[in-house]
J.: 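The structure's right below; bear with me while I get my questions together.
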Amino acid sequence: MHSNKNNGNTMTLGLALCAGLIALAPLHAISDTIAPSPEANPGSHGKSGRVLEEVVVTVSKRKELVQDIPASVSPLSSSLIQELNILSVRDIANVIPNIVAKTPEKLSIRGIAAAGYQGSNAPQPVAQHVNGLFIAETGIESPYYDLSSIEVLRGPSGTVFGRNATAGAIDVRWQKPENTLSGSIDYQVRETEQDNTGQLVRGFINAPILDEKLAMRAAFAYDDIEATYDNLSASGNDDPNARKRQWYRVYMTSEPTDDISLGLRYIYQEDNHDQQVNSQPLEIRENGLLEALGVSGLPVNDVTKVNSGIIGNNVNNPFGNNGGSSLHRVDGDFTWNLDNVPVLGDVELFLIAGHTDSNIDILIDADGTEVAILDTINEFDRKQTTGEFRISSRGDAPLSWIAGVFYSDFKMDVDVSLQGIAIDSGLAININGVSPQSTDNESRAAFLSMEYDLSQVMQSAPDVVLFGGIRENKDKTKLSGDQQLFSSTAFPLGMPESPFPLVLDLSKGQFSGSESFSKTTGEFGARWNFSDDAMAYAKYANGYKAGKLQQIADGSTGKVEPEQLDAYEIGLKSRWLDNTLQLNAAAFYYDYNTANRCPASG
C-alpha cells in the first residue's frame, strides 16, 4: 500500500512470507533460510533422515545463523548460484523476492530505487559490497562466477553494513582459496534477452602455496555476445551492440598464526560493450527526412540494418575513441584475534581497505547513420578508495558489541562530446559541444552496535535479546564543470520538425559548488526465542542516503536533499517437522521522507 502526503513523505506497508520444504528445490533459492552454504552445519536428522541446513551469514558483521538474525535476509550459496546459473544482479532479482534489477545502477529493494535523473555520481539506495568491501563504483559489473555466497539484506542498513543505505544491502563473496589443488573450466552457449547468441568461457584454479599457511585461487571469464544490428559501414565482426568482455582475478589468503589471517584480492576487467547504435523505425526511413539530412545507403525496409559512421572500423569517427571500459581493483583484509584485552576482554580486530580505478567510454550513434545527426561520447574516469576498521567482542558474554569507523572517497571526471544537427524553423544547424564535469563524494562514519541477552543475567527472564546501534554519518560532495555548445553552418531543410530534437540553448558555461550533509542514524529492537524452533522479532531502523549536487536549468548547481527512511518491521522465523520445513514471515512499514529531488532553478 502506498500513499503520498503533501509534505513529500511516502508510507509503505508490506508483508513477506517465505517457506521451504526439502522436497521443493525451487523454494531453496528464495527462502531467507534454506540455501545451503559452505559454512552451513548439517544439524540433526529428522525422521526422514534429511533436514534443512543451518546457514551462516555475515550481514551483521559477525558470523550468525540466518534463523537467528532479526532481519529479512536472503542468502544464496555457491551450489545454488551454479544451479540457477546466476551471472549478474539481474539474475538475483529473478530468484529473491522484493528486488527489481535492470543494471547495478538501477536496483531497488522493497520498492526503493534511485530517482531516474541521478546517474552514477549519486549515492545509490542499495549498498553494494564485494567480499565485504563497499563499492560505490557500480557502473562495471563483473560476472558472478566462482562465488561462495550472495547475501541480500532487505531494509535500511543504518548501523554497521558499510555506507548507509535506505533500501538494503548486497554482499557478493568470492570463493576463498583452499589447501587443495583443484580447478575447473566450462563453456556455455546461450541466448540473451535480446535473442542474440552469446558464448561464455570461464574457469578457475586453486593451489596451496605453503601448507596451511598460504593459498591462492585464480579465476577468469571471457564473454562474447553477437551484435543486434548489421552495420553496413563496419568490417568483420565490428557490428554495433556486440559485446566482448573478459576479466581475471586472483585471491590469496594467509594464516601465519592461529590468531591472524590475511586476504589479498585483485581483479582486472575490460569490456567493449559500451557502443550503442539506434536503428531508425520504418516511418523515419521512408518519409524522406534522412535523405534531406544527407543520409544515403540506409535500407528503408530493414530495421536490422544500420549505417553508423562512428562504430567499428570506420575512419569517420570524430571522437577518436571506439568506446569500452576497464577496471582495476585491489583490496585486502586483516583479522587479529586478541585475548584478555584490559576492560574489553576477548576481541577481534578487523581491517578492510581497497582502491578501484575504472574508465568507461560510451559511444552513442543515436541516429544509426553515416551522418552525424546526433553522435555523442561520454567518457567516465572513476576512482574510489574505501576502508573500514572494526573491533568486536568475542565469546558468550551477555553483552556483545561491534564498534568501527568507515571512510570512502569516490571521484569521477566526465567528459561529454557531441556532434549533431539541430532543426529550428526549417533550418538544419550543424553543432558540436563539450561538457566536462568533476564530482568528489567523500563519506565518513563511526558506528556502534550492541546486543544484550537478558536470559543470561536473569534466570526468570524469557529468552529475549535486546539490540541497538547508532551511526554518525558525515558526507561531503563537490561538483564542478563547464558546458559549452557551439553552432556552425546552417542550411535549409524544408521540414519543420525532426525526430532528433536538440536544444540550442545549452551553453551554460562554468559551474561549481560544494555541500556537506550529516545525519545520526540507528536501530533498536528485540528478538524472542519463544521455543527451540521459533523466534519472533520487532525492530525500528532509520535509513539515510546522502544528498548531492546537480546542475540545473539556469546553469548553476542545485542542492539535492538527503533521503531519510523510518522503517518498522516485525518478523517470525521458525522450523517445523524436525527441521524439514522452515517458515519465515515479515511485515514492514516505511515512512519515507525527503526523497531526492533537485530544484528546477537556483
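All residue numbers refer to positions in the sequence shown, counting from 1. Values reported hereafter were calculated over all heavy atoms of this structure, with side chains retained and with hydrogens, waters and symmetry mates removed. Predicted model only: the values in this text are computed from it and were never measured.
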J.: Spell out, as yes or no, whether a donor-acceptor pair under 3.5 Å connects the side chain of K213 to the backbone of P256.
T.: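 Yes, because the side chain of K213 sits within donor-acceptor range (under 3.5 Å) of the backbone of P256.
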J.: Indicate the atoms forming the closest heavy-atom contact of A526 with V464, along with that distance.
T.: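 It is CB-CG1, 4.3 Å.
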J.: Would you kindly say whether D146 and Y251 are connected by a side-chain donor-acceptor distance under 3.5 Å?
T.: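 Side-chain D/A pair, D146 to Y251: absent.
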J.: Mind running salt bridge (Lys or Arg N to Asp or Glu O under 4.0 Å) on R110 and E569 for me, showing each step along the way?
T.: CA-CA 13 Å; R110 287 180 171 174; E569 182 171 332; 3.1 Å; yes
J.: Output all residues satisfying ring-ring contact (aromatic ring centres under 6.0 Å, His included) with W528, sequence neighbours left out; order by chain, then residue number.
T.: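 If we apply the ring-ring contact (aromatic ring centres under 6.0 Å, His included) test to W528, skipping adjacent residues, the hits are F530.
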J.: Please list, one pair per line, the donor and acceptor atoms closer than 3.5 Å that link side chains of residues 393-406 to other protein atoms, with sequence neighbours excluded.
T.:
unit_1 : atom_1 : unit_2 : atom_2 : d
S393   : OG     : W401   : N      : 2.9
S393   : OG     : W401   : O      : 3.4
R394   : NH1    : L338   : O      : 2.9
R394   : NH1    : D339   : OD1    : 3.0
R394   : NH1    : V347   : O      : 3.2
R394   : NH2    : D339   : OD1    : 3.3

J.: Check D463 against S455 and note the closest heavy-atom contact, atom names and distance.
T.: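 Scanning both residues, the minimum pair turns out to be OD1-OG, 3.6 Å.
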J.: What is the distance from atom OG1 of T385 to atom CG of D331, rounded to the nearest 0.5 Å?
T.: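 CG of D331 is found 11.5 Å from OG1 of T385.
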J.: Which pair of heavy atoms, one from L565 and one from T166, lies closest together, and at what distance?
T.: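 Residues L565 and T166, closest heavy atoms: CD2-O, 3.2 Å.
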J.: Once you round to the nearest 0.5 Å, how far does NZ of K63 lie from OG1 of T58?
T.: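 It is 8.5 Å, given to the nearest 0.5 Å.
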J.: Restricting to side-chain contact (heavy atoms from CB on, under 4.5 Å), what partner residues turn up for Y266, sequence neighbours left out?
T.: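 Expected list: Y268, H328, V330.
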J.: For D223, what residues pass the side-chain contact (heavy atoms from CB on, under 4.5 Å) criterion, not counting sequence neighbours?
T.: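 Once residues adjacent in sequence are excluded, the partners of D223 under the side-chain contact (heavy atoms from CB on, under 4.5 Å) criterion are R190, L200, I225, R245.
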J.: State whether the number of non-hydrogen atoms from other residues, nucleotides or ligands found under 6.0 Å of D532 atom CG is greater than 12.
T.: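 Open.
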J.: Please identify each residue that fulfils ring-ring contact (aromatic ring centres under 6.0 Å, His included) with H355, with sequence neighbours left out.
T.: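 Listed in chain order: nothing, the list is empty.
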J.: Please test W336 against L351 for side-chain contact (heavy atoms from CB on, under 4.5 Å), starting from the C-alpha separation and ending with a verdict.
T.: CA-CA 9 Å; W336 189 7; L351 173 67; over 6 Å; no
J.: Among all residues two or more places apart in sequence or in another chain, which pass the side-chain hydrogen bond (donor to acceptor under 3.5 Å, both in side chains) test with Q456?
T.: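 Per chain and number, Q456 pairs via side-chain hydrogen bond (donor to acceptor under 3.5 Å, both in side chains) with D453.
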J.: Report yes or no: is the cationic atom of R217 (NZ for Lys, CZ for Arg) closer than 6.0 Å to the six-membered ring centre of W174, at no more than 45° off its axis?
T.: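 Here R217 fails the 6.0 Å and 45° test against W174.
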J.: Taking E523 for its side chain and A567 for its backbone only, find out whether a donor-acceptor pair lies under 3.5 Å.
T.: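 Judged by distance alone, no pair lies under 3.5 Å.
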J.: Rounded at 0.5 Å granularity, tell me how far CD in Q82 sits from OG in S184.
T.: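 Atom-to-atom, Q82:CD and S184:OG are 8.0 Å apart.
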J.: Take T253 and L214 through the test side-chain contact (heavy atoms from CB on, under 4.5 Å) and record every step on the way to the result.
T.: CA-CA 6 Å; T253 56; L214 182 65; over 6 Å; no
J.: Would you kindly check if the NZ (Lys) or CZ (Arg) of R527 is within the cone defined by 45 degrees around the ring axis of F467 and under 6.0 Å from the six-membered ring centre?
T.: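 Relative to the ring axis of F467, which defines the angle, R527 lies outside at least one limit.
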J.: Given 3.5 Å as the limit, does a donor-acceptor pair link the side chain of N206 with the main chain of G183, or not?
T.: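 Checked: no pair found.
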J.: For M450, look at atom CE and say whether over 12 heavy atoms of other residues, nucleotides or ligands are found less than 6.0 Å away.
T.: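 Counting neighbours around CE of M450, 12 or fewer heavy atoms of other residues, nucleotides or ligands fall under 6.0 Å, so no.
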J.: Hey, what do you get for CG (L76) to CD (E151), rounding to the nearest 0.5 Å?
T.: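 Between atom CG of L76 and atom CD of E151 there are 9.5 Å.
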J.: Just verifying a value: how many Å separate Y144 OH and R90 CZ, rounded to the nearest 0.5 Å?
T.: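 Interatomic distance, Y144 OH to R90 CZ, rounded to 0.5 Å: 9.0 Å.
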J.: Quick one: salt bridge (charged side-chain N to carboxylate O under 4.0 Å, His left out) partners of K176, sequence neighbours excluded?
T.: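 Partners of K176 by the salt bridge (charged side-chain N to carboxylate O under 4.0 Å, His left out) criterion come out as none, since no residue qualifies.
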J.: Indicate the atoms forming the closest heavy-atom contact of I69 with K573, along with that distance.
T.: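 Looks like O-NZ, 2.8 Å.
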J.: Can you find a pair of side-chain heavy atoms, one from V465 and one from D68, that are under 4.5 Å apart?
T.: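 No, too far: nothing below the 4.5 Å cut-off.
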J.: Considering all heavy atoms of both residues, which atom of I109 and which atom of G168 are nearest to each other, and what is their separation?
T.: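 Heavy atoms of I109 and G168 come nearest at CD1-CA, 4.3 Å.
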J.: Starting from the C-alpha separation in whole Å, work towards a yes-or-no answer on side-chain contact (heavy atoms from CB on, under 4.5 Å) for L107 and I170.
T.: CA-CA 11 Å; L107 180 64; I170 295 178; 3.7 Å; yes
J.: Looking at side-chain heavy atoms only, is the closest gap between E255 and S261 below 4.5 Å?
T.: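 E255 vs S261: side chains touch.
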J.: Looking only at heavy atoms, what is the nearest atom pair of S408 and T386, with distance?
T.: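 Nearest pair, atom of S408 first, then T386: OG-OG1, 3.6 Å.
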J.: Quick one: list whatever passes side-chain contact (heavy atoms from CB on, under 4.5 Å) with D409, sequence neighbours left out.
T.: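 By the side-chain contact (heavy atoms from CB on, under 4.5 Å) rule, D409 matches Y407, K411, D440, E442.
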J.: Side chains of K61 and E388: does their closest heavy-atom pair fall under 4.5 Å?
T.: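 Result yes, sub-4.5 Å side-chain heavy-atom pair found.
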J.: Taking ring-ring contact (aromatic ring centres under 6.0 Å, His included) as the definition, give me every residue that meets it alongside F334, ordered by chain and number, with sequence neighbours left out.
T.: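 If we apply the ring-ring contact (aromatic ring centres under 6.0 Å, His included) test to F334, skipping adjacent residues, there are no hits.
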J.: Between D533 and S574, do the side chains contain a donor N or O and an acceptor N or O under 3.5 Å apart?
T.: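 There is no such pair (donor and acceptor under 3.5 Å, judged by atom type) between the side chains of S574 and D533.
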J.: Verify side-chain contact (heavy atoms from CB on, under 4.5 Å) between Q128 and V172, making sure each step is shown before the conclusion.
T.: CA-CA 8 Å; Q128 300 188 46; V172 177; over 6 Å; no
J.: Would you give the length of the straight line joining atom NE2 of H129 to atom CZ of R173, rounded to the nearest 0.5 angstrom?
T.: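 Separation between the atoms: 9.5 Å.
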J.: If we only count heavy atoms from C-beta on, is the D475 to N441 side-chain gap below 4.5 Å?
T.: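 They are not in side-chain contact.
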J.: Considering only heavy atoms from C-beta outward, does the side chain of I92 approach that of S74 to under 4.5 Å?
T.: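 Counting from C-beta outward, I92 and S74 never come under 4.5 Å.
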J.: Looking at side-chain heavy atoms only, is the closest gap between W247 and L327 below 4.5 Å?
T.: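 No - every pair of side-chain heavy atoms lies 4.5 Å or more apart.
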J.: Once salt bridge (charged side-chain N to carboxylate O under 4.0 Å, His left out) is applied, do any residues pair with D357, and if so which ones, sequence neighbours excluded?
T.: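 Here the qualifying residues are K383.
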J.: F389: which residues meet the ring-ring contact (aromatic ring centres under 6.0 Å, His included) condition with it, sequence neighbours left out?
T.: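 Partners of F389 by the ring-ring contact (aromatic ring centres under 6.0 Å, His included) criterion come out as none, since no residue qualifies.
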J.: Can you confirm whether T356 sits close enough to R382 that some side-chain heavy atom of one is under 4.5 Å from a side-chain heavy atom of the other?
T.: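 When only atoms from C-beta onward are counted, R382 and T356 do not touch, as no gap falls below 4.5 Å.
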J.: Do M252 and I209 have side-chain heavy atoms sitting under 4.5 Å apart?
T.: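 Side-chain contact under 4.5 Å: yes.
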J.: List for me each residue that meets salt bridge (charged side-chain N to carboxylate O under 4.0 Å, His left out) alongside D186, sequence neighbours excluded, and say none if there are none.
T.: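 Residues passing salt bridge (charged side-chain N to carboxylate O under 4.0 Å, His left out) with D186: R202.
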